[in-house]
Amino acid sequence: MTAEIAATPLNSPLEVGVRALVLLAEKHPESLDLAQLVVLDHVLLHSGEFGGPPSLHPNLPAQAGEIGMKRRLLEQGLLVLIRAGLAGIEDRREGLMYAATDRGPVFVDVLEAPYVEALRERAEWVVHQYFPTVNARDATRDIVNRSHGEYLGGG
């Protein structure tokens, strides 16, 4: 069973890497740190809960647990993107920052799957409407607290 789970592309570093690339391409040429990418990826998938377009993923009781898993998967996905030349990493004063290379947005533009188009639409909303109004660390805390409250029956 473990081999079957590991072999699936769903929630794999590849899928999470594609979502990260869609976000980085929308933000291009600006960069994001890992904490920002974690929050933006969560909001990208659950946008309806944050006043955006309908969510791509359902609202589940254990949703707060996604945040912890997402960080590790994003790190792995970003390595895939860096090796492919679609993203880069910079060591800056504010920490490690990730950005799409010039090839990143071009690669996203050639992807034609309906899921990718839905990601692109939500990434546009997340980057330009949601993100400018939030602090990644505060948003992470709010997501965890919101999910915890819903799990306990308070939301």
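What you see is a predicted model, and the numbers here were worked out from it, not measured in a lab.
- Considering every non-hydrogen atom in both Pro53 and Ser47, the closest pair reads O-OG, 2.7 Å.
- A side-chain contact (heavy atoms from CB on, under 4.5 Å) with Val39 is found for one member of Leu34, Asp138, Thr140 and no other, namely Thr140.
- Closest approach of Pro13 to Gln76, counting heavy atoms only: CG-OE1, 2.9 Å.
- Evaluation of the side-chain hydrogen bond (donor to acceptor under 3.5 Å, both in side chains) test over residues 126-137, restricted to residues two or more places apart or in two chains, returns Glu26-His128.
- Between Val43 and Trp125 there is a side-chain heavy-atom pair separated by less than 4.5 Å.
- Using a 4.5 Å cut-off on side-chain heavy atoms (C-beta onward), Ile89 and Tyr98 make contact.
- Between Val126 and Glu121, the closest side-chain pair of non-hydrogen atoms is not below 4.5 Å.
- The two residues Ala123 and Leu23 come nearest to each other via the heavy atoms CB-CD2, 4.0 Å.
- Minimum heavy-atom separation, Ser12 to Leu73: C-CD2, 4.2 Å.
- You'll find the side chain of Arg19 reaches within 4.5 Å of the side chain of Leu119, heavy atoms only.
- For the pair Arg120 and Glu124, the salt-bridge criterion is not met [side-chain N within less than 4.0 Å of a carboxylate O].
- The side-chain contact (heavy atoms from CB on, under 4.5 Å) test with Leu78 is passed by exactly one of Leu96, Leu37, Leu86: Leu37.
- With a 6.0 Å radius and a threshold of 12 heavy atoms from other residues, nucleotides or ligands, Glu112 has its CD atom at or below the threshold.
- Using a 4.5 Å cut-off on side-chain heavy atoms (C-beta onward), His28 and Asp102 make contact.
- A 4.5 Å side-chain heavy-atom check between Ile67 and His42 finds at least one atom pair inside the cut-off.
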From CA spacing to verdict: side chain to side chain contact (heavy atoms under 4.5 Å, CB included), Gln36, Asp33: CA-CA 5 Å; Gln36 292 168 327; Asp33 67 24; 3.1 Å; yes
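- Linking ILVMFWY side-chain heavy atoms closer than 4.5 Å, directly or via other members, places Leu45 and Leu111 in a single hydrophobic cluster.
- Taking each heavy atom of Ser55 and Gly48 in turn, the nearest pair found is OG-N, 3.0 Å.
- Annotation: side-chain contact (heavy atoms from CB on, under 4.5 Å) contacts of Ser31 (sequence neighbours excluded): Arg92, Met97, Ala99.
- Between Leu81 and Ala20, the shortest heavy-atom distance links the atoms CD1-CB, 4.3 Å.
- Side-chain contact between Lys27 and Phe131 is present, with heavy atoms from C-beta onward closer than 4.5 Å.
- Here Asp41 does not pair with Arg122 in a salt bridge; the nearest charged N to carboxylate O distance is not below 4.0 Å.
- Only one option out of Val80, Val108, Val16 pairs with Leu21 in a side-chain contact (heavy atoms from CB on, under 4.5 Å); it is Val108.
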